[in-house]
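Only one structure is covered here, and it is reproduced in the block below.
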Amino acid sequence: MKFIVSSSYLLKQLQVLGGVINNNNTLPILDNFLFELNQSELVVSASDLETTMSAKLEVDSNAEGKIAIPAKLLLDTLKTFPEQPLTFVAENNTLELSSSHGKYALAYADGDEFPKAVELDQPNSTKVPAEVLATAISKTLFASGNDDLRPVMSGVYFQFSPEGLTFVATDAHKLVKYTREDVSAQTESSYIMPKKPLNLLKSILGNSDSNVLLSYDESNARFIIEETELVCRLIDGKYPNYEAVIPKENPNKLIIDRVQFLNSVKRVSIFSNKTTHQVKLKIAGAELNISAEDVDYSNKAEERLTCDYQGDDMQIGFNSRFLTEMLNNLNAKEVMLEMSLPNRAGILTPKDGLEEGEHVTMLVMPVMLNS
């Protein structure tokens, strides 16, 4: 088996696929990339059994074959080459790589030992613009949890219907609901996507302006985008009823410049307690007072901002890290924070910067004020 391929083209594809490979695999074969050559088409795959990702590459060849090549060794070698054609020749369990500078030999394994990607059973399919999926992932993924005891909350909930698409993530302290009414699916369905494949998707969706073909059955999902395919196992379980935790009646409404609010929270939070990260918002009239205090070290800070506020004077405490993350993930000029009581969740929404049919709702749980 022999083929010729551009070094930088190959490296670019392998670096994305390399994200699938775990540092400590139970099966040694999973430390390899699978190379499947069919004339001038080379399909390279990587897998961790839960997620399998493959990319099609154009190469110069008229041979066929299937081998598994050590991923780390190949990546480390490719990173050192300037752009040039590389010749790969595989025979007698040795792969010889020739560049304009020299020759490098490495052992390869039999490609048939590599686990096959899962086949989907009578899947539903829908097409989503790459840009929409990329935005949905980046707007929600940060809010998903890391608790192994509650695996359903460690992913992003995809909810598809003829009315639109909804993506939800929560870790019980914060929640993000992202909706698109301008893209829809033919049938109603929902499933929970794990974090790792979503991070991999994010890395390939960013530079694409094509559509993603998304197929899913009871236990797996498949994403096909241009020459790349990703198949992953879904998280098994029932997603919590997120609509029930979003408070409907929020008479107190605060509208404020997002960047100003974000910078103020960041500065003040430096002086907050290192365990609770608590900042206190005190709102009266057109003035917002943001303060934090770390009693153990006698540190405290306070800032005053002007805002547009309608409602009763109130004091409410939030974890500054959650508030900062949310404000960072909105690209609006102004944001609205809706509240009812100091012990009920606050709702953060952008006032502008959204496309037609696009909605973002962020919910943040308050922390009890130690007055």
Side-chain angles (χ1 to χ4, degrees), residues 135-147 149-150 152-157 167-178 195 198-199 239-240 242-247 250 252-283 288-294 299 301-303 305 307 314-332 334-351 353 359-370:
T135 307
I137 294 171
S138 61
K139 284 267 185 287
T140 51
L141 195 57
F142 78 94
S144 60
N146 292 313
D147 188 350
L149 299 173
R150 290 191 285 187
V152 292
M153 287 162 91
S154 68
V156 174
Y157 184 53
F167 304 83
V168 182
T170 182
D171 63 358
H173 300 289
K174 55 186 184 291
L175 178 147
V176 178
K177 176 185 172 189
Y178 179 77
K195 249 185 194 159
L198 288 176
N199 273 315
Y239 204 73
Y242 64 88
E243 288 290 359
V245 298
I246 301 176
N250 303 293
N252 304 315
K253 295 179 174 23
L254 164 79
I255 296 171
I256 193 163
D257 181 282
R258 181 185 70 88
V259 177
Q260 203 180 12
F261 187 26
L262 172 63
N263 289 338
S264 191
V265 171
K266 272 186 188 168
R267 271 192 302 273
V268 170
S269 68
I270 297 168
F271 296 82
S272 67
N273 179 295
K274 296 296 168 265
T275 317
T276 63
H277 304 284
Q278 178 191 297
V279 292
K280 181 166 85 175
L281 308 187
K282 185 176 171 187
I283 319 153
L288 166 65
N289 185 299
I290 304 175
S291 61
E293 186 171 12
D294 188 350
N299 297 337
E302 169 179 347
E303 286 197 14
L305 299 174
C307 62
M314 75 182 291
Q315 293 189 38
I316 189 165
F318 290 114
N319 181 320
S320 61
R321 283 164 57 184
F322 299 156
L323 211 49
T324 306
E325 269 185 315
M326 293 183 157
L327 290 167
N328 268 327
N329 268 281
L330 292 170
N331 40 10
E334 286 191 320
V335 291
M336 175 157 73
L337 179 63
E338 298 176 76
M339 299 156 290
S340 55
L341 295 164
N343 60 353
R344 298 286 305 276
I347 293 182
L348 195 64
T349 49
K351 286 292 286 171
H359 303 280
V360 187
T361 304
M362 296 188 172
L363 176 144
V364 58
M365 296 304 289
V367 287
M368 294 311 289
L369 288 170
N370 37 7

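Only a predicted model underlies this, so the values are computations on that prediction, with no experimental measurement involved.
Relative ring orientation between Phe167 and Tyr178 is described as tilted, the plane-to-plane angle lying within the 30° to 60° band.
Taking 4.5 Å as the limit, some side-chain heavy atom of Pro342 sits within range of a side-chain heavy atom of Met314. Counting heavy atoms from C-beta outward, Asp171 and Asn146 have side chains that stay 4.5 Å or more apart. Under the 4.5 Å side-chain criterion, counting only non-hydrogen atoms from C-beta, Tyr242 is not in contact with Thr170. Contact annotation: the side chain of Phe142 approaches that of Lys174 to within less than 4.5 Å [non-hydrogen atoms, C-beta and beyond]. The shortest side-chain heavy-atom distance between Leu369 and Lys280 falls under the 4.5 Å cut-off. Ile256 places a side-chain heavy atom less than 4.5 Å from the side chain of Val335.
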Listing, residues 325-332 side-chain donor-acceptor contacts under 3.5 Å, not counting sequence neighbours, or none:
{"residue": "Asn328", "atom": "ND2", "partner": "Thr324", "partner atom": "O", "Å": "3.4"}
{"residue": "Asn329", "atom": "ND2", "partner": "Glu325", "partner atom": "O", "Å": "3.1"}

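The backbone N or O of Val279 sits nowhere less than 3.5 Å from a side-chain atom of Ser272 that would complete a donor-acceptor pair.
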Chi angles and distances behind the side-chain contact (heavy atoms from CB on, under 4.5 Å) call for Leu281, Leu337: CA-CA 11 Å; Leu281 308 187; Leu337 179 63; 3.9 Å; yes

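Judged as a salt bridge (Lys or Arg N to Asp or Glu O under 4.0 Å), and not counting sequence neighbours, Lys266 has no contacts. Looking at residues two or more places apart in sequence or on another chain, you find a side-chain hydrogen bond (donor to acceptor under 3.5 Å, both in side chains) between Lys177 and Glu243.
The local environment of NZ in Lys351 is sparse, with at most 12 non-hydrogen atoms from other residues, nucleotides or ligands closer than 6.0 Å.
Scanning both residues, Val152 and Pro240, for their nearest heavy atoms gives CG2-CD, 4.2 Å.
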